[in-house]
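The next block holds one structure in the form of structure tokens; read it before the comments.
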2 protein chains.
Amino acid sequence: MAKHKHEHDSHETIQEMLRAMSNHGWRITDQRKSLATLFAEAEGYLSPKDVYESMRQKYPGVSFDTVYRNLRLLSEMGVLEQFHLNDSLKFRARCQSHHHHHMICIQCEKTVTFEFCPMKQVDLPSDFQIVNHRFEIFGYCSECSAQASTP
Amino acid sequence: MAKHKHEHDSHETIQEMLRAMSNHGWRITDQRKSLATLFAEAEGYLSPKDVYESMRQKYPGVSFDTVYRNLRLLSEMGVLEQFHLNDSLKFRARCQSHHHHHMICIQCEKTVTFEFCPMKQVDLPSDFQIVNHRFEIFGYCSECSAQASTP
DNA sequence: TTTGCTGCAAAGGCTTTGCAGGCCT
DNA sequence: AGGCCTGCAAAGCCTTTGCAGCAAA
């Protein structure tokens with residue numbers, strides 16, 4: 001049941017991503033379908049290399065520059081978001097639903113969502129013109145801390 | 001008076017940085033003195049290139065790899081902190097005094113400190129083991145927004 | 001059919017590394 | 001005097017770009 005729900009969500013996400021590309025006048029190629037599928041099913045962050053390796057399994061002929069080109073295009077379009085984790089660039093599907101923040105596991109790099117947003121509480125000098133903000137909590141998710149405590 | 005105070009702070013910071021290096025058994029070279037001075041006096045973030053350009057004025061013979069080596073060593077030691085701004089790596093002197101967060105001007109890259117920390121308020125799942133957190137607010141500082149509104 | 005997209009290859013940045021000589025301690 | 005640090009040079013990533021052929025619309 002949970003599994004079925006997850007598959008449904010992934011399928012929705014894939015369709016959304018492909019629709020977004022189409023709306024921007026982009027062509028839907030096999031490579032881009034692979035890319036959409038990959039990010040819709042990913043639970044954490046993916047590096048360009050991760051993306052290349054994964055795509056190559058389903059689509060052997062893919063090249064590195066195509067990966068980079070599409071990662072960049074999708075990021076500029078707001079479908080993916082970039083993030084620097086351990087000094088290397090990573091990507092994940094941007095959460096389109098509503099505003100929230102993440103806890104990020106520094107071991108497996110999976111993310112856990114929470115609703116609290118500090119911007120509602122913070123009191124700031126009025127002469128600073130706010131554009132956006134970041135708030136992330138780093139640590140070990142339940143699975144990784146369980147592993148660490150059973151050596 | 002304010003100027004005098006600032007100079008005093010810079011001087012303190014330089015001494016702290018040099019002492020930290022010395023405590024770690026590192027040698028105090030002219031290049032490292034330049035580096036310490038530069039970061040103690042900088043108000044915002046500096047890229048490796050910025051650092052190289054600035055150091056070269058006071059110390060013409062400096063090389064790029066020395067800049068990188070020392071930036072890395074100082075970061076690992078906790079004297080400097082790294083940050084990705086506009087997709088490029090930047091450095092600044094880590095605030096040693098007390099815990100706080102920053103507003104960062106996306107134009108001039110200067111930072112404004114504020115005391116509010118969201119970790120006191122946020123309520124999280126107990127099975128996530130927190131290690132650290134980031135909270136930054138991006139926008140235009142008073143000077144840059146004033147410039148923007150007078151074209 | 002018409003562009004846009006891809007793969008190939010090569011170039012371009014940024015950062016790191018090996019080495020001999022010089023400087024800090 | 002000894003060993004760390006530097007500058008030079010070159011290599012090593014990671015990422016971008018030019019180009020001809022192919023594929024989506």
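So you know, we letter chains A, B, ... as the sequences are listed, proteins then strands, and number each from 1.
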| query | Taking the side chain as C-beta and beyond, is there a heavy-atom pair between A:Q31 and A:Y59 under 4.5 Å? | reply | yes
| request: Mind listing the closest non-hydrogen atom pair of B:C141 and A:F128 along with its distance? | output: CA-CD1, 3.7 Å
| Nucleic acid contacts of residues 44-66 of chain B, taken as heavy-atom distances under 4.0 Å to DNA chain D | B:Y59, B:G61, B:V62, B:S63, B:D65, B:T66
| remark: Ordered by number, residues from residues 22-32 of chain A within less than 4.0 Å of DNA chain D (heavy atoms) are A:R27, A:I28
| B:D65 and B:S63: side-chain donor and acceptor closer than 3.5 Å? | yes
| Can you check whether B:S47's main-chain N or O pairs, donor with acceptor, with B:D50's side chain at less than 3.5 Å? | yes
| said: Does B:D123, at its CG atom, have more than 12 non-hydrogen atoms belonging to other residues, nucleotides or ligands within less than 6.0 Å? | reply: no
| query | Would you say B:Q121 has more than 12 foreign heavy atoms packed within less than 6.0 Å of its CD? | reply | yes
| remark: One would report the end-axis bend of the helix from C:dT1-D:dA25 to C:dT25-D:dA1, five pairs per end and rounded to 10 degrees, as 40°
| field | Ring center gap for A:H133 and B:H101 short of 6.0 angstrom | value | no
| said: So A:F39 and A:L74, do their side chains get closer than 4.5 Å, heavy atoms only? | reply: no
| query | What are the bounds, 5' to 3', of the part of DNA chain C that sits under 4.0 Å from heavy atoms of chain A? | reply | C:dT3 to C:dA9
Tell me which donor-acceptor pairs under 3.5 Å the side chains of residues 111-119 of chain B have, and how far apart each pair is, sequence neighbours excluded?
{"from": "B:T111", "atom 1": "OG1", "to": "B:R92", "atom 2": "NH1", "distance (Å)": "2.5"}
{"from": "B:E115", "atom 1": "OE1", "to": "B:H98", "atom 2": "NE2", "distance (Å)": "3.0"}
{"from": "B:E115", "atom 1": "OE2", "to": "B:H98", "atom 2": "NE2", "distance (Å)": "3.3"}

| remark: Taken to the nearest whole Å, CG/B:D87 to P/D:dC14 is 16 Å
| request: Check whether more than 12 heavy atoms from other residues, nucleotides or ligands sit under 6.0 Å from atom OH of B:Y45, and answer yes or no. | output: yes
| task | Grab the two heavy atoms, one from A:V51 and one from A:L46, that are nearest each other, plus how far apart they are. | result | CG2-CB, 3.9 Å
| task | With the side chain counted from C-beta on, respond yes when B:F138 and B:L85 share a heavy-atom pair under 4.5 Å apart, and no when they do not. | result | yes
| field | Strand contacts (DNA chain D) in residues 67-83 of chain B, 4.0 angstrom heavy-atom criterion | value | B:R69, B:N70
